[in-house]
2 protein chains.
Amino acid sequence: MNKLTTEATTVLRLIGPEPLHRQLADGLRSSIRTGGLAAGEPVPSEAELSAIHGVSRGTVRQALAQLRAEGLIAGGRGRRPVVHPGPLAQPFEELVSFSAWARSMGMEPSGRVLAFDLRPASAVVADALDVPAGTPVHQLVRLRLADGVPMLIERTAFAPGVGEAVAGIDLEHGSIYAALAEHGIRFDAARQAIDAVAASRPDAEHLGVGRGAPLLRVRRRSTAADGRPLEWSDDRYRPDRVTLTIDQLANRPGIARRLSQGGR
Amino acid sequence: MNKLTTEATTVLRLIGPEPLHRQLADGLRSSIRTGGLAAGEPVPSEAELSAIHGVSRGTVRQALAQLRAEGLIAGGRGRRPVVHPGPLAQPFEELVSFSAWARSMGMEPSGRVLAFDLRPASAVVADALDVPAGTPVHQLVRLRLADGVPMLIERTAFAPGVGEAVAGIDLEHGSIYAALAEHGIRFDAARQAIDAVAASRPDAEHLGVGRGAPLLRVRRRSTAADGRPLEWSDDRYRPDRVTLTIDQLANRPGIARRLSQGGR
DNA sequence: GAGTGGTCTAGACCACTCG
DNA sequence: GAGTGGTCTAGACCACTCG
């Protein structure tokens with residue numbers, strides 16, 4: 001019996017509607033986040049977890065597989081898995097929501113609305129949102145700041161049904177993502193195309209860089225669980241302020257290189 | 001019995017040292033790639049796959065879980081899973097190897113070596129490769145072309161033991177990745193930082209863009225299965241030729257925004 | 001040699017989807 | 001109501017790692 005192990009891993013009360021393997025994964029995940037299980041340390045063995053929580057080994061393996069997929073633990077093959085040293089923290093919310101991201105970095109997010117109105121969808125926007133070209137959709141242009149420092153300019157178009165909900169939000173301070181969640185509108189996935197563009201004159205002025213300076217551009221199409229598009233966004237970052245990072249594992253989806261389509 | 005299903009899915013000879021679930025996953029994956037299972041079409045049910053190939057349902061589920069993780073199939077919950085409409089093809093090899101990527105796009109890759117020598121590791125390189133600063137390491141600067149068109153400039157530093165193997169390769173035409181694989185050196189994972197930079201004068205000339213034009217920069221640290229660093233690379237793409245794409249799913253690792261570290 | 005994770009089986013119950 | 005995938009159990013054998 002490993003006393004330390006037993007102490008580091010709180011015995012869970014496995015009840016309620018949540019599947020056992022998810023409860024187990026959630027429990028282990030928070031043990032890792034709060035430091036009960038430190039980076040580099042071994043995770044309790046599958047047999048131990050099975051005995052401690054009174055679930056079968058299959059259930060334990062299901063929970064561990066989830067944590068592996070999230071990059072939180074690594075190892076195996078006769079060896080005990082260890083808590084991954086320096087995993088990338090990347091909750092989905094922090095990808096879609098600038099506000100959530102800035103707060104997670106200990107900064108105060110804000111936004112300066114440059115434009116917000118109902119405009120006919122361009123061909124690109126119409127294609128992304130699955131509406132006929134020319135359909136009036138809510139479109140927002142915002143300068144986003146963290147602790148008062150400009151980080152990016154976002155141009156977002158919202159799908160019908162989403163734009164109306166956005167219209168009621170405090171766009172200078174509130175988080176669109178959080179407000180939409182209250183309306184039951186949840187982001188489930190996003191496809192993003194990343195490249196670089198020169199700053200236009202107005203963008204350069206808002207961001208405080210020289211005209212033509214390189215900006216990191218991320219074009220994102222976010223969808224709901226059923227695949228319906230929710231928003232399309234063109235975000236342009238100051239690359240000296242924000243960098244994107246990705247951990248790519250063999251046989252796991254990651255970044256794909258693409259030939260650029262047409263011009264801009 | 002579903003005749004179509006049985007035809008679309010070749011019965012596998014499940015033998016040899018490969019685990020059954022991997023053989024099954026490989027078989028289904030190639031059915032999807034070759035069009036035997038078209039996008040949007042339902043995958044045979046777990047019970048059918050189990051009966052057809054004579055394996056337990058657990059094994060079938062393990063294979064399907066892998067394909068799900070790769071983004072090739074989607075769906076579930078009482079519904080049959082379907083072949084994902086328009087999944088991102090992203091074999092790991094095509095991320096690390098420009099040659100493999102170009103060929104997969106139907107283009108002929110080549111490289112123009114601008115420099116290749118043993119040079120003392122800078123602080124950045126030393127940190128990435130886990131060697132003391134100043135250690136001599138093999139460093140390569142190459143212009144990469146597809147069908148003769150310049151796509152990016154790569155600056156790569158190789159870990160001790162890897163650089164020696166690279167020295168024997170035809171760098172103008174061969175694939176470093178493939179050649180290293182023959183030496184038993186396999187890339188397992190990579191961490192990448194993505195931003196944008198202005199083209200320096202020499203880079204601009206090689207790539208055929210104006211000086212100061214925006215380039216998409218990807219800095220990559222590739223590691224072996226045991227975590228040892230293999231290479232560190234700084235790749236700068238013409239963004240009008242190459243774009244990066246990523247599918248991000250909720251609760252799956254993906255892109256993380258980071259505050260930029262120091263200057264360049 | 002003891003312990004570990006990787007693999008595989010057989011069986012069970014359930015919520016959900018569909019016609 | 002029939003079929004589906006989601007979940008869970010109990011048990012087994014193996015290659016691998018470690019001291």
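Here is how names work: the chains are called A, B, and so on, in the same order as the sequence lines, proteins then strands, and each is numbered from 1.
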Can you work out whether B:Arg61 or A:Val60 has the more 5'-proximal nearest nucleotide on DNA chain D?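 Its nearest nucleotide lies further toward 5', so the answer is B:Arg61.
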With DNA chain D as reference, determine whether A:His21 or A:Arg57 sits nearer its 5' end, using the nearest nucleotide of each.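 Nearest-nucleotide comparison on DNA chain D picks A:His21.
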Sidechain N-carboxylate O distance under 4.0 Å for A:Asp235, A:Arg220: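 Salt bridge: yes.
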Between [X] and [Y], which heavy-atom pair has the shortest distance, and what is it?
X        : Y        : result
A:Leu140 : A:Phe158 : CB-CE1, 4.1 Å
B:Ala181 : B:Arg186 : O-NH2, 3.9 Å
A:Glu231 : A:Ser222 : OE2-OG, 2.8 Å
B:Leu129 : B:Pro229 : O-CG, 3.4 Å
B:Arg221 : B:Ala128 : NE-O, 2.6 Å
B:Pro44  : B:Leu49  : O-CD1, 3.7 Å

Taking any atom closer than 4.0 angstrom to a non-hydrogen atom of chain B, what span of DNA chain D does the protein reach, first nucleotide to last?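 Both ends considered, the range comes out as D:dG3 to D:dT7.
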For DNA chain C, stems built from three or more consecutive Watson-Crick or G-U wobble pairs below 3.5 Å: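 Correct response: C:1-18 with D:1-18.
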Determine, stepwise, if the pair A:Gln66 / A:Gln62 fulfils side-chain contact (heavy atoms from CB on, under 4.5 Å). CA-CA 7 Å; A:Gln66 175 63 30; A:Gln62 218 175 334; over 6 Å; no
